[in-house]
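One structure follows; several queries about it will come next.
So you know, we letter chains A, B, ... as the sequences are listed, proteins then strands, and number each from 1. Hydrogens, waters and symmetry mates play no part in the numbers below; they use all other heavy atoms, side chains included. For clarity, every value in this text was computed on a predicted model and none was experimentally measured.
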Amino acid sequence: MSSPTELPGLARLMEVCRRLNVEQKVALPGHTPLATGTLIEGLPLDPVLAAVYSRLGYAAFATDVAGFILHRSDDEERQLEAKNQWWREGYRNQLALPTVIFAGEPFMAYHFATVPGLADAQGYQPVVWVDVYAEPYAIPMASNVDSFFDVYSRYLEALLATPGFKKGEVPLTFPWEVQGLHARDTRLVELIREGRFDPLMPGMEERAWALKVVSASDARH
Amino acid sequence: MHRSVVHWESSVPPWRRAMALLMAVALANGCATVGTGGSGRPAEVPLDVDEDVLEQGAKAEATRAVAQVWAVARSVRAVGARLSFSFWAERGALTLTGYAATGHDGSVGHAVDDEALRHTLSTVLKSFAQRHTGAVEVILERLEMGWRVGYSRLPGSRPLEAKTLPVRSDVLPLDPEESVTEGLAKLLKALHVPEGAEAHVEVAAHLEDGRLEEWEIERFELVRQTTAGARWEPTARAVDEAASVVLPFTEGIGERTLRLSLRLVSPRGSPWMSGQVEVARVVHAPPPPEANAEFVAEYRLLVEDILRRWREDTKEGAKWVARRGVEELALWYAFGILTKGVGWLGARTLPTVKLALSRGGEAAAGWLRTTLKRVPVERKLAFERLWTKAHLEGKQALSKGERAELRELMEGIEQLVKTPLDPTAKRKLRDAARESYKRSHPRFAKLLDEKSTDLPIHHRCPLEHAHLFPEADINAANNLVMVTKEVHLRINALWTRFRQARPQATSQEVEEAARIIDARFRPWYDQPGPPSHVPYSSSSAEEAALAELQRLFPGLK
């Protein structure tokens with residue numbers, strides 16, 4: 001299991017933030033970035049996420065319009081580890097599959113997490129979006145962390161092109177109104193079709209969402 | 001009562017009249033009552049209105065007012081005729097609030113040059129309106145060779161229709177001249193006065209902002225009867241004269257009725273009927289019983305601000321409204337919908353919409369904001385566009401297609417609020433709840449930004465049950481509390497158990513459950529950390545609440 005050398009999704013997200021003139025804050029990586037497979041509260045760190053932390057110690061993307069914040073893990077602070085300790089003690093066991101949270105939406109209880117149990121042959125872990133406002137559940141986001149950056153960059157493009165968009169209002173909701181963007185990720189669609197995320201989606205609404213991703217994928221082909 | 005009267009005649013050179021006037025205006029200061037339009041709140045000046053804007057506005061207001069006064073006076077030649085125009089003046093804005101005319105039976109005077117009169121009026125009105133807030137009566141007395149002009153200050157508070165800021169435009173949009181003249185001609189045509197007779201007519205003109213919505217004859221009485229058979233129609237001049245009295249009143253704000261007392265005379269030997277407006281005054285219907293005074297006053301300020309921008313530049317004004325949207329102008333939309341109703345759209349009765357908006361003030365505005373967050377963006381934009389048009393240009397301005405679109409939108413909203421929230425809506429409302437909480441609890445704003453997910457905003461009545469309370473704003477300030485994530489976890493666990501035991505809970509059951517949870521966890525509400533002086537832990541609070549819920553809802557595990 002090795003980390004990828006290229007992260008085109010991350011590069012695209014950074015380019016989109018620049019082009020759309022939305023906020024982007026990044027910090028240099030720590031001197032000893034987390035290595036692939038490092039155990040985070042007992043779960044292996046995803047190789048793509050390890051590649052990200054070898055380039056960035058912290059990042060906040062588009063938080064002035066919607067956005068998300070990559071938990072810090074550098075020489076200054078080991079937030080990723082601390083957040084996952086809190087996660088393990090609280091919500092982690094309420095989800096049917098163990099997850100590692102690595103990012104969150106600013107000021108909201110929505111988290112982005114990798115699912116080690118669903119890793120592919122290369123060890124790349126898919127990403128889910130977790131809502132813990134009521135009974136926790138998760139919905140699939142991307143087949144790996146870099147694809148998640150890619151889909152988010154496309155969401156930002158769509159958001160800012162939405163009629164009626166203005167800062168302070170989010171007329172296009174991530175991820176609920178952008179199933180078409182997730183449908184581009186063929187590996188993700190495959191995992192959904194195979195029912196691999198089903199344990200994380202106990203409710204009708206999240207299942208309906210996943211079905212829409214599959215339908216959107218079918219419509220593309 | 002302070003009443004200063006200044007007189008001069010139009011034979012005095014304009015520069016001397018102007019000087020005398022400025023001095024008189026400067027002397028007559030500080031005695032009028034600054035009214036509040038019944039609001040108890042002084043009018044506020046928007047941030048983008050500076051001295052230059054006020055100066056330009058005052059000039060434009062005086063220009064329009066002079067043209068309007070002259071339009072009434074120019075045809076009056078009866079020596080001894082006395083025309084009285086009552087204005088409310090504020091920051092250069094002039095709103096005609098009353099008119100009276102007497103002495104139309106005098107001998108015919110010479111035609112006079114109007115320039116001197118207009119110059120004098122302009123100086124009086126601009127100077128007075130810029131320097132004083134209050135009512136002023138401008139009196140014109142017809143002399144053989146000209147006009148004598150005087151003015152006096154009147155006591156009284158600001159009438160509801162009065163502008164508080166000047167409009168920087170020499171001409172207002174949707175000039176109602178044609179519709180007013182046509183409406184009056186039609187109305188007066190129906191009132192035949194026999195030759196040699198005289199009639200007294202009371203007419204009500206229903207106005208909304210600058211639009212004349214409806215005419216109504218309230219009384220028709222022949223005060224001097226004859227036996228002559230011929231009945232004559234009013235002259236075009238009589239119609240024009242009456243219209244020239246009505247038109248300046250369309251500069252006011254809000255819904256109101258202009259009551260006109262007209263005297264119509266059919267002189268013997270003349271094939272036409274002449275007439276004059278003797279009195280014109282504005283009366284206001286009481287606001288809807290549901291709307292409280294504060295709601296009305298706040299709405300009134302918003303209406304004026306929007307209307308002023310729109311009157312100055314219709315395109316820019318409409319853009320300004322669109323930029324703010326329902327988020328910032330919720331009160332304007334809410335009150336407008338409440339007062340206009342939806343019956344004119346041909347819509348079914350919308351009891352929930354009506355009940356929600358009837359609550360008035362922030363309750364109504366908040367409900368509308370929250371509800372429209374649930375509507376797809378294109379429908380929200382359509383809602384704003386169509387209601388903006390109905391408010392600014394009148395209901396009649398909406399085409400058949402637009403009415404149908406708005407009807408469908410409103411009926412959709414009535415249904416939507418009774419439907420459980422979907423995940424998109426929940427997410428939008430959570431976003432909005434956090435921002436709303438920060439606004440209502442500024443002391444926690446920084447902390448909420450720093451602590452992010454550690455301090456969630458909890459809906460005391462959860463979003464999952466919002467549809468059981470369709471007329472309530474689920475994001476209302478009294479439904480939002482800040483708790484620590486640990487407490488949120490405990491409360492959510494209780495609600496999960498409740499939902500499992502009562503999947504089809506009634507609104508009453510939800511209220512009961514919320515009451516129990518509130519009672520046990522209240523000490524933790526709006527606390528960034530564990531509360532002091534509480535003799536039990538959050539874990540004990542959860543246990544106690546669970547026990548109570550189990551007693552009330554058998555089967556709850």
Side-chain angles (χ1 to χ4, degrees), chain A residues 60 63 65-69 71 79 82-83 86-87 89-91 93-94 101 103-111 129-137 139 158-159 161-179 201-210 212, chain B residues 322-328 369 372-385 420-435 437-438 445 448-459 462-465 485-486 488-493 495-497 499-500:
Chain A
T63 49
V65 292
F68 68 90
I69 297 168
H71 297 326
Q79 211 183 39
K83 291 266 183 194
W86 164 78
W87 186 244
E89 289 165 356
Y91 296 105
N93 289 338
Q94 294 184 37
I101 54 167
E105 296 193 21
F107 318 128
M108 304 298 287
Y110 299 125
H111 306 273
W129 177 86
V130 191
D131 174 356
V132 296
Y133 272 98
E135 298 91 295
Y137 66 91
I139 56 173
L159 172 66
T162 306
F165 169 79
K166 55 187 170 188
K167 283 191 180 182
E169 276 195 61
V170 185
L172 186 68
T173 311
F174 186 88
W176 294 101
E177 293 176 302
V178 289
Q179 291 93 343
M201 302 189 290
M204 296 295 289
E205 283 160 346
E206 47 269 28
R207 291 200 177 208
W209 184 87
K212 281 188 187 168
Chain B
R323 273 198 301 277
R324 267 134 196 91
V326 82
E327 282 299 310
E328 289 180 46
R369 260 187 229 113
L372 287 177
K373 284 208 178 296
R374 300 180 60 182
V375 174
V377 67
E378 65 279 5
R379 291 178 76 79
K380 177 176 164 261
L381 292 173
F383 175 96
E384 290 173 348
R385 175 174 50 80
L421 292 164
D422 63 22
T424 311
K426 279 186 204 162
R427 165 168 199 146
K428 286 180 177 171
L429 296 188
R430 282 184 186 125
D431 260 330
R434 197 165 181 91
E435 289 311 307
Y437 186 87
K438 282 198 280 190
L448 282 164
D449 284 349
E450 287 167 0
K451 291 276 187 176
S452 189
T453 53
D454 294 344
L455 293 170
I457 302 305
H458 168 63
H459 286 85
L463 292 174
E464 283 72 14
H465 304 293
K485 63 192 174 195
E486 181 252 336
H488 202 218
L489 202 58
R490 293 188 187 284
I491 295 176
N492 280 346
W495 278 111
T496 302
R497 288 165 188 259
R499 276 192 279 278
Q500 284 163 351

If one checks every heavy atom of Trp209(A) against chain B at 4.5 Å, the contacting part turns out to be neither
Turns out that what part of Lys380(B) lies under 4.5 Å from chain A's heavy atoms comes down to side chain
Honestly, the part of Glu464(B) sitting under 4.5 Å from a heavy atom of chain A is side chain
Value for NZ (Lys428(B)) from CH2 (Trp176(A)), rounded to nearest 0.5 Å, stands at 13.0 Å
TODO: Decide side chain to side chain donor-acceptor pair (under 3.5 Å) for Tyr110(A) and Arg427(B); before the verdict, give the C-alpha distance in whole Å, the side-chain angles of both, and the deciding distance to 0.1 Å.
DONE: CA-CA 9 Å; Tyr110(A) 299 125; Arg427(B) 165 168 199 146; 4.9 Å; no
One option among Ala134(A), Pro175(A), Pro136(A), Ala109(A) has the most heavy-atom pairs under 4.5 Å with chain B, and it is Ala134(A)
One should read off an interatomic distance between Glu205(A) CD and Leu421(B) CG, to the nearest 0.5 angstrom, of 9.0 Å
Contacts of Arg207(A) meeting side chain to side chain donor-acceptor pair (under 3.5 Å) (sequence neighbours excluded), chain-then-number -> none
Turns out that what part of Ala432(B) lies under 4.5 Å from chain A's heavy atoms comes down to neither
Cut-off 4.5 Å, heavy atoms of chain B, and the answer for Tyr133(A) is both
Any Asp431(B) side-chain heavy atom under 4.5 Å of Met108(A) side chain
yes
If one checks every heavy atom of Glu206(A) against chain B at 4.5 Å, the contacting part turns out to be neither
**Request:** Can you establish whether the number of heavy atoms outside Lys212(A) located under 6.0 Å from its atom NZ is more than 12?
**Result:** no
Close side-chain approach of Arg430(B) and Asp131(A), heavy atoms under 4.5 Å: yes
The interface call for Glu378(B) against chain A, heavy-atom contacts under 4.5 Å, is neither
Looking only at Leu381(B), Asp422(B), Thr424(B), Leu463(B), the option with the highest number of non-hydrogen pairs under 4.5 Å against chain A is Thr424(B)
Under 4.5 Å to a heavy atom of chain A? For Arg323(B) that would be backbone
Is the shortest side-chain heavy-atom distance between Glu135(A) and Gln500(B) below 4.5 Å? no
> Is there side-chain contact between Gln94(A) and Asn492(B), with at least one heavy-atom pair below 4.5 Å?
Replying inline: no
